[in-house]
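Just below is one structure, and these are the notes that go with it.
Every number for a ligand or one of its atoms is a count from 1 in the order of the listing. The analysis underlying the following values was restricted to heavy atoms, covering all of them including side chains, and did not include hydrogens, waters or symmetry mates. Please read all numbers here as calculations on a predicted model, not as lab measurements.
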Amino acid sequence: MHPLFDLTGKVAIVTGCNTGLGAGIAAALASAGCDIVGFNRTEPTDTSEKVHAHGRRLVNVRTDLSIAHSPEAAGALFEQALSPFGRIDILVNNAGVIRRADALEFAEHDWHDVINVNLKGAFFLSQAAGLHFVRSKVRGKVINVASMLSFQGGIRVASYTASKSGLLGLTRLLANEWAARGINVNAIAPGYMETNNTAALRADESRNRAILERIPAGRWGTIDDLAGATLFLASPASD
Ligand code: NAD
């Protein structure tokens, strides 16, 4: 491991790491020496095994992140995350939810549920992490999992597009506000990845074909595809 990418002794929160991209991100961080605190609704058993295989530990804080939409609630969750290892160096806001319906019929609960987790929760967890980094003089890293829909409109995903476009804006704002304090805030905006999030699209033969025709690589992304970008943004390589 090149020292620029070495995360030995560091601890990362990865939200929603019991499956999909979060599981891949947790495993990638562990491969560089990082311990993991997961925020998940269920025990991330498979991810724990991957992390252990790299000789690191994963401690789960069992939570539904739709509660993390106030400074108090997010701050309390962050305190719980601090206790197992006594430090947090990296926050990966990965947990996300998507609801599909035509804009003309889009329901209010499908707006709130998505915005609460993808945008509001990510912001207040970042705020809690930022406060900790500033007070503890940690050169912290925040990595938000954005989306192609941070840049494009998409179809049938009004609240998701709003949340991911908002998350990109917040990433830029936090990067501006915190850069001088040595805190890096970045986003990874994946294309179409093979996870639960896209199961409905992949099951729809015509959408699956249409999507594959537009992906230059001609295949859906895998959870391992994000390892390099994650390690770069989490490590001193991106200082
Ligand atoms: P996924 O459904 O496998 O993972 C989503 C994760 O978020 C799961 O761990 C889930 O439990 C967690 N989560 C959702 N709501 C939660 C809540 N209320 N409380 C706690 N955890 C909650 O799908 P994924 O594709 O791995 O999604 C991970 C991130 O990647 C999301 O932010 C998603 O928007 C983003 N993303 C995915 C794609 C793709 O093509 N799959 C593309 C761009 C961005």
(message) Counting non-hydrogen protein atoms only, what is the nearest one to atom 13 (N) of ligand 1? Give residue, atom name and distance.
(response) Arg41 NH2, 3.4 Å
(request) Would you check if Leu4 and Ser235 make a side-chain contact, meaning some heavy-atom pair closer than 4.5 Å? (result) no
(message) Trp220: which residues meet the ring pair (Phe, Tyr, Trp, His ring centres under 6.0 Å) condition with it, sequence neighbours left out?
(response) Tyr192
(message) Tell me the protein heavy atom at minimum distance from atom 41 (N) of ligand 1, and give that distance in Å.
(response) Thr195 OG1, 2.9 Å
(request) Report yes or no: does a heavy atom of Ala146 sit under 4.0 Å from some atom of ligand 1? (result) yes
(message) Need the ligand 1 atom indices (1-based, order shown) with element for anything under 4.0 Å from a heavy-atom of Val145.
(response) 29 (C), 30 (O), 35 (C)
(message) Does ligand 1 come near enough to Pro190 that some N or O of the ligand is less than 3.5 Å from an N or O of the residue?
(response) no
(request) Answer yes or no: does an N/O atom from Met193 fall short of 3.5 Å to an N/O atom of ligand 1? (result) yes
(message) Quick check: is Val59 connected to Ile90 through a chain of hydrophobic side chains (ILVMFWY, heavy atoms under 4.5 Å apart)?
(response) no
(request) May I ask you to say whether Lys10 pairs ionically with Asp89, meaning some side-chain N is under 4.0 Å from a carboxylate O? (result) no
(message) Test of understanding: given a 4.0 Å heavy-atom threshold, classify the contact between Ala189 and ligand 1 as side chain, backbone, both, or neither.
(response) neither
(message) Would Thr198 count as being in polar contact with ligand 1, using the rule that some N or O on each side must be under 3.5 angstrom apart?
(response) no
(request) Could you tell me whether the side chain of Leu21 reaches within less than 4.5 Å of the side chain of Thr195, counting heavy atoms only? (result) yes
(message) Counting non-hydrogen protein atoms only, what is the nearest one to atom 6 (C) of ligand 1? Give residue, atom name and distance.
(response) Gly16 O, 3.8 Å
(message) If we count only N and O atoms by modelled type, under 3.5 Å, do the side chains of Thr8 and Asp6 hold a donor and an acceptor together?
(response) yes
(message) Are any of the N/O atoms on Asn40, whether in the backbone or the side chain, positioned under 3.5 angstrom from an N/O atom of ligand 1?
(response) no
(request) Have a look at ligand 1 and work out which part of Val117, if any, has a heavy atom under 4.0 Å from it: side chain, backbone, both or neither. (result) side chain
(request) Give the single entry among Ile25, Asn94, Leu21 that approaches atom 29 (C) of ligand 1 most closely by any heavy atom. (result) Asn94
(request) Anything under 30° is parallel, anything over 60° is perpendicular, the rest tilted; go ahead and classify Phe133 against Phe78. (result) perpendicular
(message) Atom CZ of residue position Arg181 - does it have more than 12 heavy atoms of other residues, nucleotides or ligands inside 6.0 Å?
(response) no
(request) Considering only non-hydrogen protein atoms, determine which one is nearest to atom 9 (O) of ligand 1 and report residue, atom name and distance to 0.1 Å. (result) Asn18 OD1, 2.5 Å
(request) For the residue pair Met193 and Leu226, establish whether any side-chain heavy-atom pair is separated by less than 4.5 Å. (result) yes
(message) One residue to check: Lys164. Relative to ligand 1, which of side chain, backbone, both or neither has a non-hydrogen atom less than 4.0 Å away?
(response) side chain
(request) Answer yes or no: is there a donor N or O on one side and an acceptor on the other, between the side chain of Arg99 and the main chain of Ala158, under 3.5 Å? (result) no
(message) When you compare the side chain of Cys17 with that of Leu58, does any pair of heavy atoms fall below 4.5 Å?
(response) yes
(request) Heavy-atom contacts with Ser66 under 4.0 Å: which atoms of ligand 1 show up? List them by number with element. (result) 18 (N)
(message) Heavy atom to atom 42 (C) of ligand 1, shortest distance: which of Gly191, Ala68, Ser150, Ala187 holds it?
(response) Gly191
(message) Does any part of the side chain of Lys141, heavy atoms only, come nearer than 4.5 Å to the side chain of Asp239, both counted from C-beta?
(response) yes
(request) Identify, by atom number and element, the atoms of ligand 1 in contact range of Leu65, meaning under 4.0 Å from any of its heavy atoms. (result) 17 (C), 18 (N), 19 (N), 20 (C)
(message) According to a hydrophobic-cluster definition based on side-chain heavy atoms being under 4.5 Å apart (Ile, Leu, Val, Met, Phe, Trp, Tyr only), do Leu125 and Val142 belong together?
(response) yes
(request) Would you mind listing which atoms of ligand 1 come within a distance below 4.0 Å of any non-hydrogen atom of Asp64? (result) 17 (C), 18 (N), 19 (N)
(message) Test of understanding: given a 4.0 Å heavy-atom threshold, classify the contact between Asn196 and ligand 1 as side chain, backbone, both, or neither.
(response) both
(request) Would you tell me which option among Ser163, Ser147, Gly20, Gly96 has the nearest heavy-atom contact to atom 5 (C) of ligand 1? (result) Gly96
(request) Could you list the atoms of ligand 1 found under 4.0 angstrom from a heavy atom of Thr19? (result) 3 (O), 4 (O), 8 (C), 9 (O)
(request) Under 4.0 Å from a heavy atom of Tyr192: give me the atoms of ligand 1 that qualify, with their elements. (result) 40 (O)
(request) Determine whether the side chains of Asp64 and Ser66 contain a donor N or O and an acceptor N or O closer than 3.5 Å. (result) yes
(message) Counting non-hydrogen protein atoms only, what is the nearest one to atom 36 (N) of ligand 1? Give residue, atom name and distance.
(response) Tyr160 OH, 3.5 Å
